[in-house]
Amino acid sequence: MIVKPKVRAFVCVTSHPTGCEAHVNEQIEVVKNAGISAAGPKNVLVIGASTGYGLASRIVAAFGYQANTIGVFFERPSHNGKTATAGYYNTVGFENAAAKAGVGAWSVNGDAFSPEIKDQVANLIQEHMGKVDLVIYSLAAPRRTDPATGEVFKSALKPIGNAYSNKYLDTDKRTVEVASLDPATDEEIAGTVKVMGGEDWKLWMDLLQSQDLLADGVLTVAYDYIGPKVTWPIYYHGTIGKAKVHLNQTAKTLTESLSGIGGRALVSVNKAVVTQASSAIPGVNLYITLLFKIMKEKGLHEGVIEQIVRLFRDRLFAGDAGIPVDEEGRVRVDDWEMKEEVQSAIEAVWDEVTTETLDQYTDFAGYRDDFLRLFGFNIAGVNYEEDVEIEVDVPSLKG
Ligand code: NAD
């Protein structure tokens with residue numbers, strides 16, 4: 001089948017198998033050339049491993065440190081002539097490359113919030129690794145079923161307290177619009193904390209610890225975002241920000257419960273990048289187009305893979321000096337995004353950005369390109385006019 005992008009608002013409903021594999025291979029090359037030489041993790045579990053920051057974490061672990069990895073994700077294989085989701089094809093590419101490199105890779109496709117998937121992963125760790133020394137928690141999910149009650153909670157991207165009105169980018173129409181969002185209800189706030197807070201992270205770690213599947217000195221890391229004041233009403237001070245407060249509190253609780261085995265839980269604050277999750281946050285996409293232009297001009301631009309290389313190489317596994325953290329105990333790799341020179345340059349033009357001045361002030365083209373690349377399009381060396389087999393299997397999931 002010849003596969004072309006079909007974009008609907010902030011998702012692309014098709015993805016390209018060869019393109020996704022090539023995109024993964026590009027990221028592997030970045031890691032191989034990143035000068036990683038220190039010792040690092042050997043057996044790694046990544047929860048949310050098929051796209052974005054989780055996939056980048058899996059790639060850095062496997063190709064920067066030759067670690068065996070187990071990746072958990074929720075993706076749709078190809079069916080009825082429809083392409084699989086990008087995360088599924090990414091994992092095919094990842095596992096093929098891992099097999100060539102001789103590093104272990106096992107994948108689990110299902111709902112990470114469910115007890116069944118947790119048990120399946122625990123069995124895999126026991127069978128193939130014995131214990132894990134690094135657990136990355138990188139889920140971005142719209143809903144979660146509470147395993148104790150069966151109740152379904154939904155996450156919302158809304159301001160808290162007051163309505164919020166700001167500019168956003170309509171990527172389909174290529175226009176700058178203004179939208180107003182009503183404040184979240186108490187139920188929406190609580191739902192977002194249930195889905196995107198730390199409760200499930202703790203369930204994972206408690207289960208693995210109770211089954212003696214965590215190595216001495218285990219490290220677990222979850223991802224957070226703070227960003228600039230212009231996005232705070234919708235992000236940092238909004239429903240998702242409340243969930244991240246819970247995530248940060250959970251890191252502290254987890255560090256206590258892991259103290260017996262010398263373990264530690266950390267939150268890493270990462271920079272804004274184009275992922276399937278971030279594309280859906282109103283207003284954040286416009287900010288990202290400005291951020292990209294300014295960071296590229298200043299030679300500071302990073303995508304997911306460069307961010308996670310820096311997180312592992314320069315923060316988590318930098319050597320004996322210990323992991324540098326801020327006053328709240330968080331690891332920061334958003335330091336370049338938050339540089340005064342970057343933020344003041346964005347603030348200076350924020351009010352000037354309109355549909356007419358989009359090309360002048362933003363890197364809309366770069367944003368669009370990154371977005372299509374998430375689905376395996378616009379990747380150098382891939383022939384998009386060629387017929388491709390869309391029904392491919394993740395090797396470790398073949399029945
Ligand atoms: P993403 O959409 O690219 O990836 C989400 C991952 O979660 C995928 O692997 C998906 O399969 C998996 N997933 C979703 N629901 C699942 C379920 N029920 N069971 C199993 N797997 C499931 O998202 P991302 O942007 O990489 O976000 C990952 C984390 O990084 C989030 O905590 C996010 O807040 C944080 N973060 C993102 C940004 C950004 O700009 N994108 C910046 C800083 C921090």
Side-chain angles (χ1 to χ4, degrees), residues 10-11 23 45-59 70-77 84-91 94 107-118 120-121 136-147 152-155 157 192 194-198 200-201 203-204 221-228 231 235-236 238-241 243-244 246-248 250-251 267-281 284-285 287-288 291-292 302-305 307-308 311 330-334 337-338 367 370-371 373-375 394:
F10 48 79
V11 290
H23 190 206
L45 168 62
V46 181
I47 303 158
S50 52
T51 56
Y53 274 126
L55 173 63
S57 306
R58 193 177 191 190
I59 292 174
I70 294 176
V72 187
F73 47 80
F74 210 3
E75 301 291 349
R76 200 197 57 234
T85 49
Y88 194 88
Y89 290 140
N90 289 340
T91 306
F94 174 86
S107 299
V108 175
N109 188 13
D111 183 3
F113 296 127
S114 70
E116 296 75 24
I117 291 295
K118 289 186 174 71
Q120 217 173 304
V121 171
I136 298 289
Y137 190 83
S138 186
L139 291 183
R143 69 184 68 78
R144 167 175 172 233
T145 304
D146 186 320
V152 178
F153 292 93
K154 286 187 187 157
S155 70
L157 287 163
T192 311
K194 270 280 192 185
V195 180
M196 290 297 290
D200 180 65
W201 185 22
L203 288 176
W204 270 101
V221 182
Y223 296 143
D224 190 4
Y225 181 65
I226 295 177
T231 62
Y235 199 96
Y236 193 47
T239 46
I240 181 77
K244 296 295 188 186
H246 189 267
L247 195 75
N248 278 276
T250 306
V267 162
S268 170
V269 185
N270 300 351
K271 86 177 270 268
V273 287
V274 183
T275 66
Q276 293 185 41
S278 71
S279 314
I281 308 174
V284 169
N285 59 5
Y287 164 74
I288 292 180
L291 179 73
F292 276 21
E302 291 178 303
V304 277
I305 198 71
Q307 270 278 285
I308 299 299
L311 173 65
R330 300 168 299 204
V331 182
R332 303 296 295 260
V333 273
D334 65 336
E337 170 179 358
M338 299 315 289
Y367 178 91
D370 270 13
F371 176 78
R373 288 164 58 81
L374 294 178
F375 303 91
V394 169

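When a ligand or atom number is given, it counts from 1 through the structure's own listing order.
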Numbering the atoms of ligand 1 from 1, which are under 4.0 Å from a heavy atom of Tyr235? 34 (O)
Might you point out which heavy atoms bring Glu337 and Asn270 nearest each other, and give the distance in Å? OE1-O, 4.5 Å
If we number the atoms of ligand 1 from 1 as shown, the ones under 4.0 Å from a heavy atom of Asp111 are 17 (C), 18 (N), 19 (N)
For Glu75, take its heavy atoms, then give the atoms of ligand 1 lying under 4.0 Å from any of them. 10 (C), 11 (O)
Which residues share a side-chain contact (heavy atoms from CB on, under 4.5 Å) with Ser278, sequence neighbours left out: Thr275, Ile288
Check each atom of ligand 1 against the heavy atoms of Ser50 and keep those under 4.0 Å away; list them by number with element. 8 (C), 9 (O), 10 (C), 11 (O)
In terms of residue, atom name and distance, what is the protein heavy atom nearest to atom 15 (N) of ligand 1? Ala141 CB, 3.4 Å
To check you understand the geometry: which heavy-atom pair defines the closest contact between Phe292 and Asp370, and what is its length? CE2-OD2, 3.3 Å
Over all heavy atoms of both residues, which pair between Val333 and Ser268 is shortest? Give the atoms and the distance, please. CG2-OG, 3.7 Å
Just which atoms of ligand 1 are under 4.0 Å from any heavy atom in Gly110? 19 (N), 20 (C)
Just to confirm my output: which protein heavy-atom neighbour is closest to atom 14 (C) of ligand 1, and how far is it? Ala140 O, 3.3 Å
Heavy-atom side-chain contact between Leu45 and Val121 under 4.5 Å: yes
Would you mind listing which atoms of ligand 1 come within a distance below 4.0 Å of any non-hydrogen atom of Gly52? 3 (O), 26 (O)
Examine ligand 1 and decide if any of its atoms is less than 4.0 Å from a heavy atom belonging to Ala56. no
Which residue supplies the protein heavy atom nearest to atom 1 (P) of ligand 1, what is that atom called, and how far is it? Thr51 OG1, 3.4 Å
If we only count N/O pairs under 3.5 Å, is Thr275 in contact with ligand 1? yes
Determine whether the side chains of Tyr88 and Asn109 contain a donor N or O and an acceptor N or O closer than 3.5 Å. no
Residue and atom name of the nearest protein heavy atom (relative to atom 36 (N) of ligand 1), distance in Å to one decimal: Tyr53 CD1, 3.9 Å
Short N/O distance, under 3.5 Å, between Gly54 and ligand 1? no
Between Glu75 and the options Thr51, Asn90, Thr85, the side chain to side chain donor-acceptor pair (under 3.5 Å) test singles out Thr85
Any atom of ligand 1 sitting under 4.0 Å from a heavy atom of Gly87? no
How about Arg330 and Ile226: do any of their side-chain heavy atoms sit closer than 4.5 Å? yes
Which residue supplies the protein heavy atom nearest to atom 32 (O) of ligand 1, what is that atom called, and how far is it? Lys244 NZ, 2.9 Å
Could you see which bit of Asn270 sits under 4.0 Å from ligand 1, with heavy atoms only: side chain, backbone, both or neither? both
Could you list the atoms of ligand 1 found under 4.0 angstrom from a heavy atom of Ala49? 9 (O)
Any side-chain heavy atom of Asp200 within less than 4.5 Å of one from Lys118? yes
Would you call His23 and Tyr89 a side-chain contact if the rule is heavy atoms closer than 4.5 Å? no
Does any N or O of ligand 1 fall below 3.5 Å from an N or O anywhere on Phe74, backbone included? yes
Contact atoms of ligand 1, heavy-atom distance to Ser138 under 4.0 Å: 5 (C), 6 (C), 7 (O), 28 (C), 29 (C)
Using distance alone, decide if ligand 1 has a nitrogen or oxygen within less than 3.5 Å of any nitrogen or oxygen in Phe113. no
Nearest to atom 23 (O) of ligand 1, what protein heavy atom do you find, and at what distance? Ala277 CB, 3.4 Å
Within reach of ligand 1, part of Lys271 (heavy-atom separation under 4.0 Å): backbone
Might you point out which heavy atoms bring Arg144 and Lys194 nearest each other, and give the distance in Å? NH1-O, 2.7 Å
Which residue owns the protein heavy atom closest to atom 35 (C) of ligand 1, what's the atom, and how far is it? Tyr223 CB, 3.8 Å
Under 4.0 Å from ligand 1, counting heavy atoms only, is it the side chain of Asp224, its backbone, both or neither? backbone
At what distance is the nearest protein heavy atom to atom 13 (N) of ligand 1, and which residue and atom is it? Leu139 CD2, 3.8 Å
Taking heavy atoms and a distance under 4.0 Å, where does Ala222 meet ligand 1: side chain, backbone, both or neither? neither
Tyr223 and Gln307: CA distance, side-chain angles, deciding distance, side chain to side chain donor-acceptor pair (under 3.5 Å) verdict: CA-CA 12 Å; Tyr223 296 143; Gln307 270 278 285; over 6 Å; no
So, for Tyr236 and Tyr225, which heavy atoms are closest and what is the spacing to 0.1 Å? CD1-O, 4.3 Å
Any heavy atom of Tyr88 sitting closer than 4.0 Å to ligand 1? no
Side chains of Ile136 and Tyr53 in contact at under 4.5 Å (non-hydrogen atoms): no
Across all chains, not counting sequence neighbours, the side-chain contact (heavy atoms from CB on, under 4.5 Å) partners of Asp111 are Phe74, Phe113, Ser114
What closest approach, in Å, do Arg58 and Gly71 show between heavy atoms, and which atom pair accounts for it? NH2-N, 3.4 Å
